[in-house]
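Shown next, in structure tokens, is the structure this report addresses.
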Amino acid sequence: MTRFTEETGIGVNLVFAKDGIAERLAREGRLSPADLVLTSDFSRLVELVDKDLTSPVKNTQLESNIPAQYRDPDGQWYALTMRVRNLYTAKDRLGPQQITYEELADPKYKGKICTRSGKHPYNIALVASMIAHHGEAEAKTWLTGVKSNLARKPQGNDRAQVKAVKEGLCDIAIGNSYYYGNMMQDPEQKSWAEAVTINFPNQADRGAHVNVSGMVLTRHAPNKANAIKLMEFLSADVAQKAYADVNMEYPVKADVAPSTLVASWGEFKSDQLPIFKLAEYHQAAVKLLDEVQFDL
């Protein structure tokens, strides 16, 4: 943000909040001082849109910088960075694996898989992608199979699953890519990351499921013109590189390279399913998770 201010002379006031942004915007209404909201997950973007708290932005620079797959067709939101829903395998017991999400339901992995709650947005999005590709009936059969292969009841966060692999509780952990980078840089957790291999699923077919962080222009933005300038800045090369490096994620702008650490994990093919399609299957995914009692 400092670079943006230096280049444009436009000041930026940042407010950090882990939860409650949508509620706050709704409460403040037209008196809200917020121009932009930057979110860490696609589900939060959808929540803001669903609650009518955003303004559409149709902008040639944004549309040029951000591929159509990673933005709302109506301009309600734009992605900033991308992360992969990876499958981590025990380095000493399984090693690298050419594995698919579908194979997580294979009985050969019974008692070998660890994951956080199925109701977490990261997993809801993964289930939504399975519905998009296979339909509800097949996705439900798959989800039932995955549940039967769990080594323990879903719990903890993504890092906790990698820790469980290191401790021998399971051989496969489902987790986002950026956690791997964060663990590698945390002295207390580096040994967890070193105990696993990071695998990009479905490389022989549709590609790995991805999710995004993103930005929206608020409905009552008091400084709309300047806010759009910031959106343009965040979608361009310098900010894309810096934002992705800090988050240990992948830039959505195609010609911007990831950090050296992230690039060291290897190239991968991502699922070309448009991110906005995940929203269409969100409720169906939640319904299936309830029906199979995934978290119980």
Side-chain angles (χ1 to χ4, degrees), residues 21-22 25-26 32 34-85 121-136 139 176 202 205-221 224-237 239-240 243-244 247 249-256 268-287:
I21 286 293
L25 288 176
S32 176
D35 293 302
L36 287 182
V37 176
L38 309 182
T39 74
S40 61
D41 184 74
F42 174 68
S43 65
R44 297 181 187 274
L45 296 173
V46 173
E47 179 186 19
L48 292 166
V49 174
D50 287 347
K51 292 184 177 179
D52 198 22
L53 297 170
T54 64
S55 291
V57 178
K58 301 301 285 185
N59 179 282
T60 56
Q61 185 172 336
L62 289 173
E63 292 173 0
S64 174
N65 287 339
I66 300 177
Q69 178 188 359
Y70 302 122
R71 51 183 163 86
D72 180 66
D74 299 320
Q76 295 285 0
W77 55 264
Y78 290 84
L80 285 171
T81 57
M82 175 179 67
R83 80 291 300 261
V84 182
R85 198 76 179 136
Y122 299 156
N123 281 338
I124 292 174
L126 176 59
V127 176
S129 75
M130 294 296 288
I131 295 172
H133 286 295
H134 299 294
E136 278 193 49
N176 280 354
N202 294 78
D205 47 65
R206 69 177 181 277
H209 166 67
V210 298
N211 204 323
V212 296
S213 68
M215 57 184 173
V216 301
L217 179 71
T218 64
R219 182 176 182 182
H220 302 294
K224 183 175 180 179
N226 285 343
I228 292 175
K229 289 181 181 179
L230 178 55
M231 294 177 76
E232 293 173 341
F233 176 82
L234 290 172
S235 74
D237 291 23
Q240 278 282 291
Y243 202 80
N247 293 336
E249 296 190 328
Y250 297 89
V252 293
K253 192 171 186 292
D255 56 352
V256 178
F268 71 97
K269 179 172 69 174
S270 63
D271 189 345
Q272 294 303 297
L273 180 75
I275 295 297
F276 62 82
K277 285 288 184 181
L278 299 179
E280 295 181 16
Y281 297 102
H282 182 276
Q283 290 304 318
V286 172
K287 183 188 74 171

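Side chains of N211 and R85: a donor-acceptor N/O pair is absent below 3.5 angstrom, by distance only. Donor-acceptor pairing under 3.5 Å is recorded for the side chains of S213 and T81. Neither side chain, H209 nor N202, offers a donor N or O lying under 3.5 Å from an acceptor on the other.
No donor-acceptor pair closer than 3.5 Å links the side chain of K229 to the backbone N or O of K224. With hydrogens and angles ignored, the 3.5 Å screen pairs a side-chain donor or acceptor of Y78 with a backbone N or O of V57. Judged by distance alone, with hydrogens and angles left aside, the side-chain atoms of D41 form a donor-acceptor pair with the main-chain N or O of S43 at under 3.5 Å. E232 contributes no side-chain N or O that, together with a main-chain N or O of Q61, makes up a donor-acceptor pair within less than 3.5 Å. One N or O on the side chain of R71 and one on the backbone of I66 form a donor-acceptor pair closer than 3.5 Å. Q240 places a side-chain N or O within 3.5 Å of a backbone atom of L80 that can act as its donor or acceptor partner. Without hydrogens or angle criteria, N247 side chain to E249 main chain gives no donor-acceptor distance under 3.5 Å. Under the 3.5 Å distance criterion, the side-chain polar atoms of T218 are matched with a main-chain donor or acceptor of A34.
In this structure, the side chains of D35 and N226 stay at 4.5 Å or more apart for every pair of heavy atoms. Y70 places a side-chain heavy atom less than 4.5 Å from the side chain of V210. Side-chain atoms of S270 and V84, non-hydrogen and from C-beta on, never get closer than 4.5 Å to each other. Put simply, the side chain of E136 reaches to within 4.5 Å of the side chain of I131, judged on heavy atoms.
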Please evaluate residues F42 and W77 with respect to the criterion ring-ring contact (aromatic ring centres under 6.0 Å, His included), reporting the C-alpha separation (whole Å), side-chain torsions for both, the decisive distance (0.1 Å), and the verdict.
CA-CA 9 Å; F42 174 68; W77 55 264; 5.1 Å; yes
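Aromatic rings from Y250 and F268 are positioned such that their centres are separated by under 6.0 Å.
A salt bridge links K277 with E280; the closest basic N to acidic carboxylate O contact falls under 4.0 Å.
Taking CG from L217 and CG from L62, the interatomic distance works out to 10.0 Å, rounded to the nearest 0.5 Å.
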